[in-house]
Amino acid sequence: MSVATRPRSSTKPLTEPRAILGPAGNRVRVSDESKRRTEALKKPQRPKVPVSQSPKSVVQSNVSVDSCCSSDSSSSNSSFKTASSRKTVKQNGVKQAKPKVASTADEVVTEISPAMSGPLKRCDWITPFSDPLYTSFHDEEWGVPVHDDRKLFELLVFSQALAELSWPTVLKKREIFRKLFDDFDPSSMAQFTEKKMLSLKVDGCLLLSEAKLRAIVENAKLILKVQQEFGSFSSYCWGFVNHKPLRNAFRYARQVPVKTPKAEVMSKDMMRRGFCCVGPTVVYSFMQVAGIVNDHLVTCFRYQECNATVKKDIKPKIEEIERLTKDAENICLSR
């Protein structure tokens with residue numbers, strides 16, 4: 001029995017147009033326009049900042065707007081914004097602004113504007129974690145030339161104390177030192193008896209070791225002899241550098257020595273006279289803190305300031321030293 005064959009329709013049902021095969025495989029090729037729209041929706045847009053409200057740091061540090069906006073170059077739309085912003089900035093003259101440059105090295109510290117300057121650059125051994133008292137001592141006293149005998153004796157004692165204490169500890173006890181040592185008056189300390197010396201205690205403990213205290217009292221007696229011979233202890237100390245501070249120019253802390261030939265010469269002469277605890281290392285530390293040598297690093301803001309202080313004070317100090325030397329010579333001749 002034959003079954004009637006259902007005739008096929010010659011018309012095909014309406015369907016979506018078949019996707020065109022790309023050369024890399026059976027993938028749908030999306031138009032460039034729709035692809036750009038999809039990427040634009042996925043990528044977070046950077047908010048447009050008006051040129052009038054641009055950050056002050058861009059203006060002050062003279063940073064080019066090209067480098068600030070280079071990350072937007074992948075998008076054609078944002079590139080247009082960058083170009084327009086750059087054009088506006090050039091019209092306002094911001095890009096051409098240049099910071100003032102000091103003409104000499106001595107003017108670097110003073111001519112930097114407050115808006116441009118950052119934290120002060122100090123010697124490498126002063127860090128943000130250093131004791132504030134130690135930092136202030138570095139900024140105000142360390143390396144400044146000293147010509148007062150009592151002050152020099154105080155700094156010599158502190159340099160000797162560094163064998164047992166650190167600088168921050170010494171500075172914290174500074175007023176105690178001054179009180180117990182009669183404000184570092186050599187004539188007064190030379191009269192200290194054994195009982196008086198052993199009473200120099202803080203919280204039941206000696207301020208320094210017994211041997212160190214004996215050395216300090218003995219040195220006070222010798223300073224009186226030096227004053228009689230040279231007119232002052234200052235004249236004696238500064239005579240080793242011809243009454244003019246030595247100026248080193250170290251850039252790194254590792255370059256700063258612990259002793260020098262000058263310190264060794266001074267140390268030997270002091271030991272020959274009977275001074276105690278005055279090795280080359282102690283003497284060089286004393287020369288540094290008393291400003292006999294300027295060992296601030298050249299990158300430290302105090303390097304130029306100490307040199308400027310020397311230029312202002314050196315002439316009257318030399319005249320005073322020459323006068324004291326002549327007076328001492330007259331006294332010796334009269335005898």
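Within the 3.5 Å criterion, the main-chain N or O of Cys205 finds no donor-acceptor partner in the side chain of Asp203. Of the possible donor and acceptor atoms, one in the side chain of Ser267 sits under 3.5 Å from a partner among the backbone N and O of Val278. In terms of modelled atom types and a separation under 3.5 Å, the side chain of Asp182 and the main chain of Asp185 share no donor-acceptor contact. Panel note: side chain Gln160, backbone Cys277; a donor-acceptor pair is recorded below 3.5 Å. With hydrogens and angles ignored, the 3.5 Å screen pairs no side-chain donor or acceptor of Glu229 with any backbone N or O of Lys225. A donor-acceptor contact shorter than 3.5 Å links the side chain of Asn219 to the backbone of Ala215. Distance alone, capped at 3.5 Å, places no donor-acceptor pair between the Trp238 side chain and the Pro245 backbone. Counting only distance, with no hydrogens or angles, the side chain of Asn242 and the backbone of Lys244 share no donor-acceptor pair below 3.5 Å.
Ring geometry for His138 versus Trp142: interplanar angle under 30°, hence parallel rather than tilted (30 to 60°).
Remark: Arg254 is positioned above the aromatic ring of Tyr252, its terminal NZ or CZ atom under 6.0 angstrom from the ring centre and at most 45 degrees off the axis.
Among the candidates Val217, Leu213, Ile216, Leu198, the single residue satisfying the side-chain contact (heavy atoms from CB on, under 4.5 Å) test with Phe192 is Val217.
With respect to the salt-bridge test (charged N to carboxylate O, under 4.0 angstrom), the residues Glu194 and Arg214 qualify.
Using a 4.5 Å cut-off between side-chain heavy atoms of Ile, Leu, Val, Met, Phe, Trp and Tyr, Val258 forms no hydrophobic cluster with any other residue.
Donor-acceptor pairing under 3.5 Å is recorded for the side chains of Ser166 and Thr169.
The distance between the ring centers of Phe153 and Phe181 does not fall below 6.0 angstrom.
Hydrophobic clustering (side-chain heavy atoms under 4.5 Å, transitive across Ile, Leu, Val, Met, Phe, Trp, Tyr) groups Val241 together with Tyr284.
Side-chain contact between Arg174 and Glu154 is present, with heavy atoms from C-beta onward closer than 4.5 Å.
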